[in-house]
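Heads up, the thing below is written out as structure tokens.
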Amino acid sequence: MSDTYDDFGVETENVALSMDNLDKKILELLSTDGRKSYRKISRELGVSVGTVHNRVDKLTKFGIINKFVPVIDHQKLGYNLTAIIGLEIKSGTVAYLIDKDAFKSNILAIYDVTGQFDGIIIAKFKNTFELNKFIKSLLADDTVIRTYTQTVLNIVKEELNSSMINFDS
């Protein structure tokens, strides 16, 4: 078997790392404040700074923590319109959109999905003119057959940069 598969034929990169309660508590604290110092975390959890450092290194090494990034308030930057766009494409995957400069500044998320569409995009725009230009650019792409756009009226919960999950399950 190749190095990317375990003895049972499961891709090792897709195997979930088992975490103990300390790992989970560290993740919860960092999810709330990614800038919290290891010293503060160690005090809150009653463990040494070295232990926190080693645990965060382990979580990073195994890809549980991918990076530390700011959570941006898009509305304060003028991006007041959120759109959910379904895409039907000719072949392949919607992942090719990642490298398209015309779309980079608006797209927050790209998903390959099952069902009526081949992919779903979540994107932010300053106004309907930007959204219109974006949709027209998508439709001008030879790969895109059709789009279906929904605009968001009210954001109830949006934490695309957050890792807030229920660690109790």
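Please read these numbers as outputs of a predicted model, since none were measured by experiment.
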> Do I135 and F129 share a hydrophobic cluster (ILVMFWY, side-chain heavy atoms under 4.5 Å, transitive)?
Replying inline: no
>> Walk me through whether F125 and Y79 qualify under ring pair (Phe, Tyr, Trp, His ring centres under 6.0 Å).
In response: CA-CA 5 Å; F125 303 93; Y79 290 85; 8.0 Å; no
>> Return the OG1 to CG distance between T151 and L131, rounded to the nearest 0.5 Å.
In response: 7.5 Å
> Under a single-linkage definition using a 4.5 Å side-chain heavy-atom cutoff for Ile, Leu, Val, Met, Phe, Trp and Tyr, are Y111 and V152 assigned to the same hydrophobic cluster?
Replying inline: yes
> When clusters are formed by joining ILVMFWY residues with side-chain heavy atoms under 4.5 Å apart, either directly or through shared neighbours, do V94 and I121 land in the same one?
Replying inline: yes
> How many angstroms lie between atom CG of L97 and atom CG of L87, to the nearest 0.5 angstrom?
Replying inline: 6.5 Å
>> Looking at R146, I want to see if its CZ is surrounded by more than 12 non-hydrogen atoms of other residues, nucleotides or ligands under 6.0 Å.
In response: yes
> Under a 4.5 Å side-chain heavy-atom rule over Ile, Leu, Val, Met, Phe, Trp and Tyr, are I107 and I89 clustered together?
Replying inline: yes
>> With rounding to the nearest 0.5 angstrom, report the CG to OG1 distance, D112 to T93.
In response: 3.0 Å
>> Working to the nearest 0.5 angstrom, can you tell me the gap between K25 NZ and D20 CG?
In response: 9.5 Å
Quiz: residues 59-71 side-chain donor-acceptor pairs under 3.5 angstrom, not counting sequence neighbours:
from: T60; atom 1: OG1; to: V56; atom 2: O; distance (Å): 2.8

> Looking at G86 and F117, what are the two nearest heavy atoms and their distance?
Replying inline: C-CD2, 3.7 Å
> To the nearest 0.5 Å, how far apart are CZ in R43 and OG in S37?
Replying inline: 7.0 Å
